[in-house]
Amino acid sequence: MAEIRVAREAGACYGVERALQMVEAAAAERAGSVHTLGPLIHNPRVVADLAERGVDAVGSPDEAAGDTLLLRTHGTAPEEEARARELCARVLDATCPFVKKVHLAARRLANEGYQVVVVGEAGHPEVEATLPHAPGAVVVGSAEQARAVPRARRMGVVVQTTARRELLAEVVGELLGRAEELRVVNTICEATSGHQAAAEELAREADVMIVIGGRISANTTRLAEISAACCPATHHVEGADELRADWFAGAGVIGITAGASTPASQIEAVRERIGELVGA
Ligand code: SF4
């Protein structure tokens, strides 16, 4: 009979739990309309569930004028936040404190005259919200891109919270020869590295791995990559309804991990569904 194991660290992290509690509390008050600026977290199912309960995602603070607006976990550019505070009746800041640390570090380095390099994925909301804190900052997503960064006397590095440590090491290795002084502030979130280590450990022992989380979630996609490197039969799903019985045929150990924006209820639903499919 197949054994179903959940990674020792998986699912909703501190920042996501905090954001969900804030939105739940705001919705329960029933004191006017509640919106989130962009999707609150990168989990379409949670976002759809919130929408059903009347909490919708808006594209700009202008769409939430006079109402309650939650700033999402990935952070908000300073100008946009200022606009929200000007227009909205109430602004609740659900930015994860670890993301705020990235903003602070980038701002401090820029103020001290460092050319700021943000290691991460260009276009990701967290990176986009970080850039305005350090005017002139550049985004580097690979060692190859690091080789194209112009030389500078003083260079300061911050990292997207969900980036891989290996990427940071590769980029820093390249930048060492491009600056007289290189300062690195490691802003990778421990929740992310803990999830990654636990996923790798489990994937080494599993015949099949299920990775739960939004397809647009950077940290979930990274977990799926790490898992697939150790266990080729890795499947990334957003919910229990995507599971297929043939994935588990002949499997001895079935591993489950989940991204930082996946609530415990979704992990439990997947575990139960796998149990039904394999008769465990
Ligand atoms: Fe915050 Fe880390 Fe969770 Fe991102 S993964 S929301 S940085 S606790």
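Ligands are counted one by one from 1 in listed order, and the atoms in each one are counted from 1 as well.
Between Glu242 and Arg45 there is a salt bridge, since at least one side-chain N of the basic residue sits less than 4.0 Å from a carboxylate O of the acidic one. Glu79 has no carboxylate O lying under 4.0 Å from a charged side-chain N of Arg83, or vice versa, which leaves the two without a salt bridge.
A donor-acceptor pair under 3.5 Å is formed between the side chain of Arg151 and the backbone N or O of Gly177.
With 3.5 Å as the limit, one finds no donor-acceptor pair spanning the side chains of Ser265 and Glu268.
Closest heavy-atom contact between Glu112 and Arg154: O-NH1, 2.7 Å. When all heavy atoms are compared, the tightest approach of Ala137 to Leu131 is CB-CD2, 3.9 Å.
Counting only distances under 2.8 Å, and ignoring water, the protein N, O or S atoms around atom 2 (Fe) of ligand 1 are Cys189 SG.
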